[in-house]
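The analysis underlying the following values was restricted to heavy atoms, covering all of them including side chains, and did not include hydrogens, waters or symmetry mates. Keep in mind that this is a model prediction, so the values were computed, not measured. Numbered from 1 within each chain, the chains take letters A, B, ... in sequence-line order.
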Number of protein chains: 2
Amino acid sequence: MKDLTIAKAAREADVGVETIRFYERRGLIEQPRKPQSSGFRVYSPELVKRIKFIRQAQQIGFSLHEIQELLSLRADPAADCSMVRSQAIAKLEEVKRKIEQLRQIGFALESLIAVCPGRGGLQACTILDTLEPDHGPPPPRIRADGPLPAIPPKRRRQNGKFGTDNRQQRRAT
Amino acid sequence: MKDLTIAKAAREADVGVETIRFYERRGLIEQPRKPQSSGFRVYSPELVKRIKFIRQAQQIGFSLHEIQELLSLRADPAADCSMVRSQAIAKLEEVKRKIEQLRQIGFALESLIAVCPGRGGLQACTILDTLEPDHGPPPPRIRADGPLPAIPPKRRRQNGKFGTDNRQQRRAT
DNA sequence: ATAGGGTCCGTACCCTAGTACGGAGTCAAG
DNA sequence: CTTGACTCCGTACTAGGGTACGGACCCTAT
C-alpha cells in the first residue's frame, strides 16, 4: 500500500478530513508533510493505522488525552524504560477493569436475553442487578476469573462534613 | 441502607451533586421526590446503584444516550419482549466488540511490559503493532457496515467525488 | 430563634471532540 | 489553458457532558 492523500486516508480510517487535521493539531499524529513537494499531507499506511487505533481506543472509553499517553508508550531505547513500564502497567490495570465491567454488562444482557425468549410473561430483570459489586455476578455459569478490582477510587470530594464548599472539584472523566 | 440526601448519594456514587441533577434532567434517573415532604430529593440504594452504573458504563465508552437504552432494557411484562430481546442482542454484540478491542490493547500492553523489564536496551515496540486487525487473533470484522455505535456518526461526507458539495470557489489567477 | 450547612431552581459557563466555512493554492485531465 | 476535484489554513460553531453561581428556602443542633 502506498501513501494516501488526506481524503483517501480519511475514507480508509473512516473519519472526516477535518478530524485528521484536528488530531494533528492535538499532537496525536505527526504532520505528514513532504517538505519539498506541494505542501499536501501524505499518509503512510502506518499513519492510517494510527488513526484507526485512535478511533478504536475512543470507542472503548479512552479520551484523546489518554490515547496520547497510550501511543507514547513505546519501548523507545532513549526513553526511561522504568517509567514506560509503570505507565504501561497502570494502563493495563485500567484495561482489565474495563473488560471486567463489560463482562458484567454482557452477563446481564445474556440473562436478559435468556429470560426474554420472544414473547409472553417474564420475570422482572434489569441490568443493574448484575452489576452490583457487593453481591457478585453469579448468573450463568461463566467462570469469573478475577477478584474484580472494583474500580479504584479516583480522587473524590471528601470534605468530611462539608467544611467549606463542595463545589470546586475537577474531574477528568 | 436507608435513603440518602443528594449530597450523600453523590458521595456514595462518586459524582457531583450537580451531576445527579443533570442526569435527572436528562431522564436517566427519575425524580426521587417525596411529594409531601420537604421537596428535597431522597435517594434509595437502588437509585444510587443506578448512578454508579451510569458512571461505569460511561467509562467503558457508552454515551448517556446509549446508557439510557441499556437501562430501559428490562424484562418488563408490559414491554414488547421481542423488541427488548433484539435490542439486548444488539447491545451484547457491541459489548463483545468492545471487549475484543480492549483485549487487543491489553495484549499490546502486556508485550510492551514484557519487553521492558525496567531498564536498558529494548526493541522498538508500539501498541499499534499488536492492534492491527490483519495479524492478530481474528476479531469479528466489523469494517464497512458497522456504524461504530459509540461515536456519533454524524455527518460524514461520503459523497465519493463530492457530487454536490462544491463549496469551493474559482480563483482568477 | 438562629446560625450554618443543605437543598432548590434556573441560567450561564466550560471542556472535549469534533464540524463547518471561507477564501485561496495545487494537480491532473481534457 | 481551463476545469473541477482536492488541499491548505484559520477561525467559528456545535453537541455532549457536565460545573458553577446566585438567590432563596429548609433543617437541625444549640
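Considering only side-chain atoms of B:Phe40, the nucleotide from D:dC27, D:dG18, D:dT7 that sits closest is D:dC27. In the set C:dG18, D:dG18, C:dT16, the nucleotide with an atom closest to the side chain of A:Arg26 is C:dT16.
Within the model, atoms CZ of B:Arg11 and OG1 of B:Thr5 stand 7.5 Å from one another, a figure rounded to the nearest 0.5 Å. The CD atom of B:Gln58 sits 11.5 Å away from the CD atom of A:Gln101 when rounded to the nearest 0.5 Å.
Both the sub-6.0 Å distance and the 45° axial angle are not jointly satisfied by B:Lys2 relative to the ring of B:Tyr43. Stacking of A:Lys98 on the aromatic ring of A:Phe62 is recorded, both the 6.0 Å distance cut-off and the 45° axial limit being met.
For B:Gln58, a side-chain nitrogen or oxygen approaches OP1 or OP2 of D:dG18 to under 4.0 Å. For C:dG18, one of the phosphate oxygens OP1 or OP2 lies less than 4.0 angstrom from a side-chain nitrogen or oxygen of A:Tyr23. For the pair B:Arg55 and D:dG17, the criterion of a side-chain N or O lying under 4.0 Å from OP1 or OP2 is not met. In this model, the phosphate group of D:dT19 is approached by a side-chain N or O of B:Thr19 to a distance below 4.0 Å at OP1 or OP2. Contact check, B:Ser38 against C:dT7: no side-chain N or O comes under 4.0 Å of OP1 or OP2.
What separates CZ of A:Arg41 from P of D:dT7 is a distance of 10 Å, to the nearest Å. Here the C1' atom of nucleotide D:dC6 and the CZ atom of A:Arg11 are 10 Å apart, to the nearest Å. One can place NZ of A:Lys8 at 11 Å from C1' of C:dA28, the figure rounded to the nearest angstrom. As rounded to whole Å, 15 Å separates atom C1' of D:dG16 from atom CD1 of B:Ile54.
Remark: B:Glu110 engages no residue in a salt bridge (Lys or Arg N to Asp or Glu O under 4.0 Å) (not counting sequence neighbours).
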All N/O pairs under 3.5 Å across the protein-nucleotides 10-12 of chain D interface:
residue	atom	partner	partner atom	Å
D:dG10	N7	A:Arg21	NH2	3.4
D:dG10	O6	A:Arg21	NH2	3.0

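Under 3.5 Å, the side chains of A:Tyr23 and A:Arg55 contain a donor-acceptor pair of N or O atoms.
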